[in-house]
Amino acid sequence: MSESDFYDGLRLRKKTIIQTGQKVNFVDIGSSFLTAFEKITSVLVVPFTKDGLIVCALLDRGIDRIDLPGGHVEVNEFTCEETAKREVMEEVGVTLEELKLVKVIQSD
């Protein structure tokens with residue numbers, strides 16, 4: 001396990017390391033550029049039904065809230081698609097079909 005990995009009680013995940021007081025910048029770099037998968041720590045998915053409705057998750061994290069499915073990459077995953085499919089299945093119980101990359105957001 002590298003220092004950028006962590007165990008959340010269920011599984012080994014990749015971790016974004018932020019130092020106390022560190023400012024983090026988020027930069028929209030579009031969809032044409034995709035960095036090496038080893039640098040990706042998490043995904044966010046906006047799943048649609050065949051009727052064009054957005055599928056959301058009702059998450060219990062202290063208070064109930066509606067959220068889009070997504071989460072951290074697990075150490076045994078090798079593509080964004082694999083992470084997206086697992087997260088959507090875990091959080092909303094839906095099997096994803098066609099995936100389309102819309103945005104890549106880089107944080108430093």
Side-chain angles (χ1 to χ4, degrees):
M1 182 164 87
S2 78
E3 60 183 81
S4 64
D5 300 338
F6 73 101
Y7 184 70
D8 70 357
L10 297 174
R11 56 192 147 241
L12 194 58
R13 298 178 182 252
K14 291 185 180 180
K15 179 179 181 181
T16 302
I17 300 172
I18 300 173
Q19 304 299 321
T20 303
Q22 175 186 351
K23 292 183 179 181
V24 179
N25 296 307
F26 294 96
V27 179
D28 177 356
I29 55 177
S31 62
S32 59
F33 175 80
L34 187 58
T35 189
F37 182 71
E38 297 78 39
K39 295 184 177 192
I40 296 173
T41 60
S42 56
V43 301
L44 176 69
V45 182
V46 183
F48 291 89
T49 67
K50 292 185 188 288
D51 299 331
L53 301 174
I54 295 175
V55 178
C56 294
L58 179 59
L59 304 176
D60 180 12
R61 294 187 178 155
I63 58 171
D64 288 341
R65 69 175 209 203
I66 295 174
D67 204 351
L68 292 170
H72 286 277
V73 171
E74 292 185 2
V75 172
N76 63 342
E77 292 172 334
F78 300 100
T79 67
C80 293
E81 293 83 1
E82 189 177 6
T83 302
K85 288 179 178 184
R86 177 187 50 76
E87 285 290 347
V88 169
M89 178 55 73
E90 287 178 1
E91 294 183 5
V92 295
V94 172
T95 300
L96 293 178
E97 293 178 4
E98 180 184 348
L99 296 175
K100 178 181 178 186
L101 176 64
V102 177
K103 292 279 183 186
V104 175
I105 299 175
Q106 175 182 326
S107 62
D108 57 2

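Heavy-atom basis, side chains included; hydrogens, waters and symmetry copies ignored.
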| remark: Taken in chain and number order and not counting sequence neighbours, the residues that satisfy side chain to side chain contact (heavy atoms under 4.5 Å, CB included) with T95 are M89
| Hey, which of V45, T41, I40, V73 is the one that makes side chain to side chain contact (heavy atoms under 4.5 Å, CB included) with T83? | V73
| note | Scanning both residues in full, the closest heavy-atom pair of V43 with C80 reads CG1-O, 4.1 Å
| Any side-chain heavy atom of E97 sitting closer than 4.5 Å to one from K50? | yes
| message | Any non-hydrogen side-chain atom of E81 less than 4.5 Å from a side-chain atom of L96? | response | no
| note | Of all heavy-atom pairs linking H72 and R86, the shortest is O-NH2, 2.9 Å
| In terms of hydrophobic clustering (I, L, V, M, F, W, Y; side-chain heavy atoms under 4.5 Å; direct or indirect links), are L44 and V55 co-clustered? | no
| task | Please identify each residue that fulfils side chain to side chain contact (heavy atoms under 4.5 Å, CB included) with I54, with sequence neighbours left out. | result | V46, F48, C56, L68
| query | Quick one: are V94 and P47 in side-chain contact, heavy atoms under 4.5 Å? | reply | no
| message | Would the distance check show the side chain of E82 and the main-chain N or O of F78 forming a donor-acceptor pair, the cut-off being under 3.5 Å? | response | yes
| request: Give a yes or no on this: more than 12 heavy atoms of other residues, nucleotides or ligands lie within 6.0 Å of atom CG of L58. | output: yes
| field | Side chain E91, main chain G70, donor-acceptor under 3.5 Å | value | yes
| request: Spell out, yes or no, whether F37 and L101 are grouped together once hydrophobic residues are joined by side-chain heavy atoms under 4.5 Å, including indirect joins. | output: yes
